[in-house]
Amino acid sequence: MAILSKSNVPQFSVDVYQNEYLPKGGREVNAIVTVTATGGGTIGSAVTAPRLFSPGEGPSAAVVLMVDCSGSMDYPPTKMRNARDATAAAIDTLRDGVHFAVVGGTHVAKEVYPGGGGLAVAGDGTREEARQALRKLSAGGGTAIGTWLGLADRLLASADVAIRHGILLTDGRNEHESPEDLRAALDACAGRFTCDARGVGTDWEVKEVTGIASALLGTADIVADPAHLAADFTRMMETAMGKEVADVSLRLWTPVGTTVKFVKQVAPTVEELTGRRSESGPRAGDYPLGSWGDESRDYHVCVEVPPAGIGREMLAARVSLVIPQPGGEVRNLGAQGLVRAVWTDDMAASTSINPQVAHYTGQAELAVVIQEGLDLRKEGKMDGATAKLGRAVQLASASGNADTAKLLAKVVDVVDAATGTVRLKAKVEEADEMTLETRSTKTVRVKK
């Protein structure tokens with residue numbers, strides 16, 4: 001459970017963007033909820049220096065780095081060396097006082113540092129000891145990621161801290177445990193710590209790595225060239241060190257007769273939250289948002305209200321932010337937003353689509369059609385793949401998602417972006433296809 005520290009705690013705010021007007025008989029209400037945290041240790045999820053706080057400043061935190069040490073990490077041999085260097089760089093980025101450990105992962109999980117079932121406390125001495133311990137890492141064995149996560153969970157649970165975070169690196173498929181075992185491990189770890197996951201090279205399974213990050217409310221990405229691991233690990237650790245508040249939840253209250261159709265994060269990435277709801281009282285449910293520093297995220301809330309006559313209005317939903325506390329209590333973060341429904345016979349008002357809702361509906365569709373298109377391409381269904389990826393090009397162009405448009409252009413030849421007319425490339429680099437799939441859920445913010 002998260003307990004707020006007194007210093008460097010962000011202040012939260014909630015803004016709601018919607019067209020509240022419904023036609024006669026209208027029932028579906030859509031709103032974009034922007035949650036913003038300011039006044040903590042980071043600026044827009046970036047940091048200005050590796051060490052954000054002096055000893056004793058900032059929230060208490062613990063981090064476990066899980067490094068793939070399976071046999072495939074020896075091909076080429078530079079991959080293991082790059083992984084050691086990246087882990088050392090991440091350890092150097094830890095601020096003094098943070099608890100940490102390193103786990104070596106094969107078909108079993110082993111404590112690399114500090115050992116003994118506990119965590120070290122970051123300081124000049126322990127950082128140097130950890131760097132020395134990393135020299136012993138060598139490749140050999142299989143891959144069972146669920147065991148790595150289980151050991152990380154036990155280590156993180158040994159520290160009385162507010163922020164618990166994992167960083168996981170793999171270069172291969174999870175071949176030495178069943179998908180059910182991995183799913184069970186993720187279910188056991190969900191809500192206990194967040195985790196960023198990275199795939200290095202091109203021999204790993206995208207859906208496994210993105211599934212780990214999704215379940216544990218972290219980020220996923222590809223590092224196609226192992227030489228880039230150190231820079232990526234440093235950025236991940238800097239962001240982790242900027243988190244000030246853990247276990248934030250979006251609480252959604254709805255009146256009698258109203259049904260929640262979905263709740264999803266739509267920026268900076270698309271993430272489905274509907275199935276993660278936990279009941280929190282009469283007509284209220286909590287949706288986990290993970291850890292926060294200085295940053296802003298957008299959520300799409302869709303509810304179905306009872307029909308009402310022209311001129312009637314109602315509160316369709318109330319959004320607030322809470323943090324679970326020991327003993328089943330919650331701490332309210334004091335930020336609230338209201339979603340309204342107003343029935344009107346003004347057709348211009350009731351048929352107007354709110355710009356934020358329209359934008360993020362398109363971004364969510366973009367993520368879906370990229371995944372569908374790539375899956376169809378792998379299945380050899382080229383006509384279907386062309387249609388889906390053409391639609392993706394059209395959506396990326398219309399929304400100004402330039403990064404995704406560039407990734408799509410490595411998989412298809414774009415004839416006309418506006419109409420989504422494309423041709424599948426005859427030859428596509430595996431790293432380019434995996435990058436597009438891994439980053440397909442990344443979105444751009446709406447221009448307000």
Side-chain angles (χ1 to χ4, degrees), residues 1-10 40-42 47-67 69 83-105 109-137 148-169 189 191-196 216 218 230 233-247 290-293 323 326:
M1 297 296 182
I3 301 174
L4 297 181
S5 62
K6 293 182 179 180
S7 62
N8 299 296
V9 177
T42 62
V47 296
T48 56
R51 307 269 175 86
L52 296 171
F53 302 98
S54 299
E57 293 184 354
S60 56
V63 182
V64 172
L65 296 107
M66 293 161 272
V67 183
C69 296
R84 287 193 293 264
D85 291 346
T87 306
I91 289 169
D92 285 343
T93 310
L94 289 165
R95 68 171 181 267
D96 288 349
V98 169
H99 297 68
F100 76 102
V102 180
V103 167
K110 296 182 179 179
E111 296 178 49
V112 175
Y113 182 81
L119 301 167
V121 177
D124 290 341
T126 54
R127 278 191 283 267
E128 177 58 28
E129 289 174 359
R131 285 192 291 269
Q132 295 297 325
L134 291 175
R135 295 181 179 179
K136 302 174 185 177
L137 287 181
W148 313 356
L149 294 166
L151 177 54
D153 184 31
R154 293 191 294 274
L155 292 171
L156 289 166
S158 70
D160 183 16
V161 295
I163 307 288
R164 294 183 175 89
H165 192 77
I167 289 177
L168 184 149
L169 172 71
C189 295
R192 294 174 59 80
F193 66 94
T194 57
C195 184
D196 295 323
L216 302 182
F233 265 45
T234 299
R235 285 192 297 270
M236 273 195 294
M237 188 62 83
E238 287 174 347
T239 300
M241 291 297 93
K243 300 300 183 183
E244 313 295 341
V245 182
D247 301 331
S291 301
W292 287 68
I323 297 178

Quiz item: Do His99 and Thr126 come close enough that some side-chain heavy atom pair is under 4.5 Å?
Solution: no

Quiz item: For Arg131, what residues pass the side chain to side chain donor-acceptor pair (under 3.5 Å) criterion, not counting sequence neighbours?
Solution: Asp92, Glu128

Quiz item: Any side-chain heavy atom of Lys136 within less than 4.5 Å of one from Val112?
Solution: no

Practice problem: Could you grab the distance from atom CD of Glu129 to atom CD1 of Ile91, nearest 0.5 Å is fine? | Solution: 11.0 Å

Quiz item: How about Pro10 and Val245: do any of their side-chain heavy atoms sit closer than 4.5 Å?
Solution: yes

Quiz item: Glu111 side chain to Gly117 main-chain N or O, any donor-acceptor pair under 3.5 Å?
Solution: yes

Exercise. Determine, step by step, whether Asp160 and Ser60 satisfy the side-chain contact (heavy atoms from CB on, under 4.5 Å) criterion, reporting the C-alpha distance in whole Å, the side-chain angles of both residues, the deciding distance to 0.1 Å, and the verdict.
Key: CA-CA 8 Å; Asp160 183 16; Ser60 56; over 6 Å; no

Quiz item: Roughly how far apart are Leu134 CG and Asp85 CG, rounded to 0.5 Å?
Solution: 9.0 Å

Quiz item: About how many Å separate CG of Leu137 and CZ of Arg84, when rounded to the nearest 0.5 Å?
Solution: 6.5 Å

Practice problem: Could you tell me whether the side chain of Arg192 and the main chain of Ala157 form a donor-acceptor pair under 3.5 Å? | Solution: no

Quiz item: Is Thr194 reaching over with its side chain to a backbone N or O of His165, donor-acceptor style, under 3.5 angstrom?
Solution: no

Self-check item: Result of checking Ile167, Leu151, Leu119, Asp153 against Val64 for side chain to side chain contact (heavy atoms under 4.5 Å, CB included)
Solution: Leu119

Quiz item: Looking at residues at least two apart in the chain, or sitting in another chain, which of them share a side chain to side chain donor-acceptor pair (under 3.5 Å) with Ser291?
Solution: none

Self-check item: CG-CG distance between Leu149 and Leu156, expressed to the nearest 0.5 angstrom
Solution: 10.5 Å

Quiz prompt | Evaluation steps, salt bridge (Lys or Arg N to Asp or Glu O under 4.0 Å), between Asp247 and Arg164 | solution = CA-CA 10 Å; Asp247 301 331; Arg164 294 183 175 89; over 6 Å; no

Quiz item: Between Leu94 and Arg127, which heavy-atom pair has the shortest distance, and what is it?
Solution: O-NH1, 2.9 Å

Quiz item: Rounded to the nearest 0.5 Å, what separation is found between the OH atom of Tyr113 and the CG atom of Leu65?
Solution: 12.5 Å

Self-check item: Under 3.5 Å: donor-acceptor pair, side chain of Thr93, backbone of Glu238
Solution: no

Quiz item: Where do Met66 and Cys195 land on the side-chain contact (heavy atoms from CB on, under 4.5 Å) test, with the steps shown first?
Solution: CA-CA 10 Å; Met66 293 161 272; Cys195 184; 4.0 Å; yes

